[in-house]
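See structure below.
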Amino acid sequence: LESLPSEALAKLAKLAVLRAARAGLTSLPPSLARLPKLQLVDASDNQLRALPDGLVGGAPALRALLLGGNALTALSTDDAADEPSDGMDGAGALEFLHVRGNALTELPRALLRRLAPRLGVLDVRDNALVELDGDEARTRTYVINPMAVSTNGGSRHAFTVCAHYVDKLVRTSEGWR
């Protein structure tokens, strides 16, 4: 099984969970992003190289997207997905994004800003977020951290800290600095 039948999936308006881990998939159908009740997609440990437009951050009810162990080089091919949005408009419901063990070299800042209001877990471990060039290297670190503080009145204030930073490293006789 290399792909899921797009036309058949498009008719499953009540589909809430799609489990397709270790199924040998090389692609996901575009119709997934338009399923109104879809809350969880597990397509980990396949051979996915790209995602359908709108799946990350655009699917209306999608809360968990598990894509670890594939060959993804980007989270979106949809230019509109990388555009900043004001407020929650178009941000979808995504709370958990697992893309560990792919071939990602960057995470688009605009996409992260769109996901930040709801995203609670972002797992990007084991990706190519380090670029080596001889004795120089550049690393990228992305942080989305939901937090809460208590006020003097006893109420709690919730907020999300989003950060992206780049470290430039140089190999010396004492190691990387």
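Fair warning: this is a prediction, and the values are worked out from it, not measured in the lab.
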- Message: Do Val121 and Leu111 land in one hydrophobic cluster if side-chain heavy atoms of ILVMFWY residues count as linked below 4.5 Å?
- Response: no
- Task: Ignoring hydrogens and angles, tell me if any N or O in the side chain of Arg171 forms a donor-acceptor pair with the backbone of Ala137 under 3.5 Å.
- Result: no
- Within one Ile-Leu-Val-Met-Phe-Trp-Tyr cluster: Val17 and Leu35, side-chain cutoff 4.5 Å: no
- Query: Less than 4.5 Å apart, any side-chain heavy atom of Leu122 and any of Leu112?
  - Reply: yes
- Message: Please report the interatomic distance CG(Leu15) to CG(Leu40), rounded to the nearest 0.5 Å.
- Response: 10.0 Å
- Give the minimum heavy-atom separation between Pro52 and Pro30, together with the two atoms involved. CB-CA, 3.6 Å
- All heavy atoms of Pro36 vs all of Ala61, minimum pair found to be O-CB, 3.4 Å
- Which class fits the ring pair Phe96 and His98: parallel under 30°, tilted 30 to 60°, perpendicular over 60°? perpendicular
- Message: According to a hydrophobic-cluster definition based on side-chain heavy atoms being under 4.5 Å apart (Ile, Leu, Val, Met, Phe, Trp, Tyr only), do Leu28 and Leu66 belong together?
- Response: no
- Message: Would the distance check show the side chain of Ser31 and the main-chain N or O of Ser6 forming a donor-acceptor pair, the cut-off being under 3.5 Å?
- Response: yes
- Query: If you round to the nearest 0.5 Å, how far is CZ of Arg100 from CG of Asp126?
  - Reply: 4.5 Å
- Closest heavy-atom pair and its distance - Arg156, Ala148: NH2-CB, 3.1 Å
- Message: Quick check: closest heavy atoms across Arg177 and Glu174, and the distance to 0.1 Å?
- Response: NH2-O, 3.0 Å
- First locate atom CG of Leu72, then atom OG1 of Thr105, and finally report the distance between them rounded to the nearest 0.5 Å. 11.5 Å
- Connected via hydrophobic side-chain network under 4.5 Å: Val149 and Met147: yes
- Between CZ of Arg113 and CG of Leu119, what distance do you get to the nearest 0.5 Å? 14.5 Å
- Message: If hydrophobic clusters are built by linking Ile, Leu, Val, Met, Phe, Trp and Tyr wherever their side-chain heavy atoms come under 4.5 Å apart, do Leu25 and Leu18 end up in the same one?
- Response: yes
- Message: Could you check whether any side-chain N or O of Asn70 sits under 3.5 Å from a backbone N or O of Asn46, counting only pairs where one atom can act as donor and the other as acceptor?
- Response: yes
- Query: CG/Leu9 to CG/Leu38 distance, rounded to the nearest 0.5 angstrom?
  - Reply: 9.0 Å
- Message: Return the CZ to CG distance between Arg118 and Leu62, rounded to the nearest 0.5 Å.
- Response: 12.5 Å
- Item | Minimum side-chain heavy-atom gap Thr26-Gln47 below 4.5 Å | yes
- Note on the structure: Heavy-atom closest pair (Leu115 atom, Leu94 atom, distance to 0.1 Å) is CD2-CD2, 4.1 Å
